[in-house]
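Down below is the structure, laid out as C-alpha cells.
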Amino acid sequence: MKELFSLHTVRKKILMLSKLAGVVLIFSYIFSARLPISADASFLVWLGFVFLLIIGIDLFMDRFITKPVDTLNASAKRMADLDFSAPCGLSSADEFGELSASLNTMAENLQQALARLEAANTQLEKDVEKERLLLAGRKELVDSLSHEMKTPLGIIRAYAEGLQDEADEAKKQKYAQVIVSEAERMNDLIVTLLDLSALESGAANLNVTRFDFVELVETVAGRLLTDAPDADFELQYELPEQRGFVKTDRRRMEQVLGNLMVNAKKNVRPGGVLRLELTADGGALHFSVFNQGRTIPENELPKIWMKFYRDSGAAYSGSGLGLSIAAQILSMQNLPYGAENRADGVRFWFSIPAAE
C-alpha cells in the first residue's frame, strides 16, 4: 500500500497531480455554487479557483519536471563536449535522480577511460621517440666506427703486409708493436664509443651514492697528475680542508674528472702551470682545471664538447671523445659546465650541489 501511494516516480507524481487537480476543481465548483451570491459572482469565484489551480500546477511542473530536465540537458551537453569538470547536481528519488546518477557514473568512467587512453598515447609517443633515437644512435655509432676505424685498420694492414716481407728481426718486432698498439687503440675507441652511445640513448643510468668529492678529486689527481712519470709541468692546487659530500654516480664523476685532467695535461705547455681548484660556495662545490698554454679560438669553444672534435693546433692527437663523455655525464645531471680562455691558457669548470 505504501509503495502504491508513494511519489518516487515522475509518472506517479503526474497522476497524483491530475487526480488532485480534478478533486480541487470539483470541490471548488461545489463551494462556489453554494455561496450566497449570484450565479455570475459564483462563476467568477470558481474561475479564481481555476486560475490558482493552473498556477499551482505550473509551479509543480516547473519544480519537478522542467528544471530537472534542463539540469540533465545541460549536464549531458557538457559531457558531450568531454567536459567532466562539474558533475550533474540533480538529486531526487525518481527517474530524474537515477538518470543524474547514471550520467555522473558514465562521466566518471569516460574520464578514467580518456585518462588511460591519454596515458597510453603519451607512453606510445615516448616509445616511438625512444625507438627513433635508438635507431639514430645506432646509425651514428656505425657511421662513427666506420669512419674512425679506417686509419688504424689501414695502419695494421700496411704493417702486417710489411711484416710478411721483412727479414730483419728488429723491424719485425717494431712492426708487431705498431700492430698491437693500433689494435689497442681500436679497442679503446670502440669501448669509449659504446659508452658514449649508452649515455646518449639513456641506456646507462646513474648509480647515485653519497661520497666525499674532495677525496675523489685528490685520488684522481694523484693518479693522473702527481704520480705521472712523464709530468713536465708545475702542478698547483687549491682544495678545501674540510670534506665536501655530494650525491651522484661516483664512477661517472671520476670519469669526468679524469677526462678533464687528462685534457689539461695534454695541452699544458712544457714547464707550464696546471692548476686544480675546488671551492665550496652557496651550497655547491665548484671544480676547475687550468692549463697554461695555447688558447682555443673563441669560435671553436662551443665545438670542443662535440664528438670527434680535434683541435688542429693541438700538439697531440686524441680520439676526440673525452670531453664529449664529460659533457654528456654533466648534462644528464643538469650540472652547469663550460670552458673559457684565459690570458695564458684555458680553464675548464663545472659545479655540483653539495649534500649534507
Side-chain angles (χ1 to χ4, degrees), residues 188 191-192 194-196 198-200 202-231 233-268 272-293 296 301-302 304-307 318-319 321-342 345-356:
D188 292 342
V191 171
T192 304
L194 290 174
D195 189 29
L196 181 57
L199 289 170
E200 291 176 337
N205 297 319
L206 297 177
N207 181 25
V208 178
T209 58
R210 181 177 179 272
F211 60 92
D212 184 1
F213 195 69
V214 179
E215 182 269 335
L216 179 64
V217 173
E218 290 178 335
T219 301
V220 177
R223 184 177 71 250
L224 297 178
L225 303 179
T226 306
D227 301 332
D230 57 342
F233 54 84
E234 178 187 348
L235 178 62
Q236 300 177 358
Y237 59 89
E238 178 184 346
L239 301 176
E241 295 182 0
Q242 69 278 10
R243 292 183 174 184
F245 289 92
V246 296
K247 285 185 178 180
T248 182
D249 189 315
R250 181 186 178 95
R251 184 178 70 86
R252 290 298 182 183
M253 292 310 297
E254 182 176 356
Q255 199 173 3
V256 171
L257 292 171
N259 288 348
L260 293 180
M261 290 182 192
V262 168
N263 179 75
K265 177 182 173 183
K266 289 180 177 179
N267 284 282
V268 65
V273 173
L274 194 156
R275 182 166 58 250
L276 294 178
E277 291 184 3
L278 182 63
T279 58
D281 178 42
L285 295 174
H286 308 284
F287 171 84
S288 69
V289 55
F290 167 81
N291 63 272
Q292 195 173 36
I296 302 173
L301 273 176
I304 63 176
W305 308 104
M306 298 170 59
K307 286 187 292 187
S319 67
L321 294 175
L323 293 181
S324 298
I325 291 179
Q328 183 63 36
I329 294 173
L330 294 173
S331 297
M332 288 173 64
Q333 305 173 78
N334 296 318
L335 300 180
Y337 66 92
E340 57 186 6
N341 285 317
R342 293 295 178 88
V346 183
R347 174 180 175 267
F348 288 81
W349 62 271
F350 69 86
S351 298
I352 183 170
E356 296 182 358

Inset, instruction - Not counting sequence neighbours, which residues clear ring-ring contact (aromatic ring centres under 6.0 Å, His included) with Phe211? List them please. - result: none

Inset, instruction - Please name all residues satisfying ring-ring contact (aromatic ring centres under 6.0 Å, His included) with Phe350, sequence neighbours left out, ordered by chain then number. - result: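 Only Phe287 meet the ring-ring contact (aromatic ring centres under 6.0 Å, His included) criterion with Phe350.
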
Within this structure, what is the [atom1]-[atom2] distance for the pair [X] and [Y], rounded to the nearest 0.5 Å?
{"X": "His286", "Y": "Glu277", "atom1": "NE2", "atom2": "CD", "value": "11.5 Å"}
{"X": "Ile325", "Y": "Asn259", "atom1": "CD1", "atom2": "CG", "value": "6.0 Å"}
{"X": "Phe213", "Y": "Glu218", "atom1": "CZ", "atom2": "CD", "value": "11.5 Å"}
{"X": "Leu257", "Y": "Leu278", "atom1": "CG", "atom2": "CG", "value": "9.0 Å"}
{"X": "Leu330", "Y": "Ile352", "atom1": "CG", "atom2": "CD1", "value": "8.0 Å"}
{"X": "Leu206", "Y": "Met332", "atom1": "CG", "atom2": "CE", "value": "4.0 Å"}

Has the side chain of [X] got a donor or acceptor atom that lies under 3.5 Å from a matching backbone atom of [Y]?
{"X": "Asn291", "Y": "Leu274", "answer": "no"}
{"X": "Gln255", "Y": "Arg251", "answer": "no"}
{"X": "Asp212", "Y": "Gly244", "answer": "yes"}
{"X": "Gln292", "Y": "Gly272", "answer": "no"}

Inset, instruction - Show your working on side-chain contact (heavy atoms from CB on, under 4.5 Å) between Val262 and Lys266 and close with a plain yes or no. - result: CA-CA 6 Å; Val262 168; Lys266 289 180 177 179; 3.6 Å; yes

How close do [X] and [Y] get, heavy atom to heavy atom, and via which atoms?
{"X": "Leu224", "Y": "Lys265", "answer": "O-NZ, 3.4 Å"}
{"X": "Ala264", "Y": "Val289", "answer": "CB-CG2, 3.6 Å"}
{"X": "Ala327", "Y": "Trp305", "answer": "CB-CE3, 3.7 Å"}
{"X": "Val246", "Y": "Pro353", "answer": "CG1-O, 3.5 Å"}

Beyond-backbone contact of [X] with [Y], side-chain heavy atoms, under 4.5 angstrom:
{"X": "Leu323", "Y": "Phe348", "value": "yes"}
{"X": "Lys247", "Y": "Val208", "value": "yes"}
{"X": "Leu260", "Y": "Ser288", "value": "no"}
{"X": "Asp249", "Y": "Gln333", "value": "no"}

Inset, instruction - Give the C-alpha distance, both sets of side-chain angles, the deciding distance and a yes or no for side-chain hydrogen bond (donor to acceptor under 3.5 Å, both in side chains) between Ser324 and Gln328. - result: CA-CA 6 Å; Ser324 298; Gln328 183 63 36; over 6 Å; no

Inset, instruction - Start with the C-alpha gap between Glu254 and Thr219, add the side-chain angles, then the distance that decides, and say whether side-chain contact (heavy atoms from CB on, under 4.5 Å) holds. - result: CA-CA 9 Å; Glu254 182 176 356; Thr219 301; 5.6 Å; no

Inset, instruction - Among residues two or more places apart or on two chains, list those pairs meeting salt bridge (Lys or Arg N to Asp or Glu O under 4.0 Å) that have a residue in residues 329-342. - result: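 Sorted pair list: Glu340-Arg342, Glu340-Arg347.
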
Legend entry - side-chain contact (heavy atoms from CB on, under 4.5 Å) assessment of Leu335 paired with Thr248: CA-CA 11 Å; Leu335 300 180; Thr248 182; 5.7 Å; no

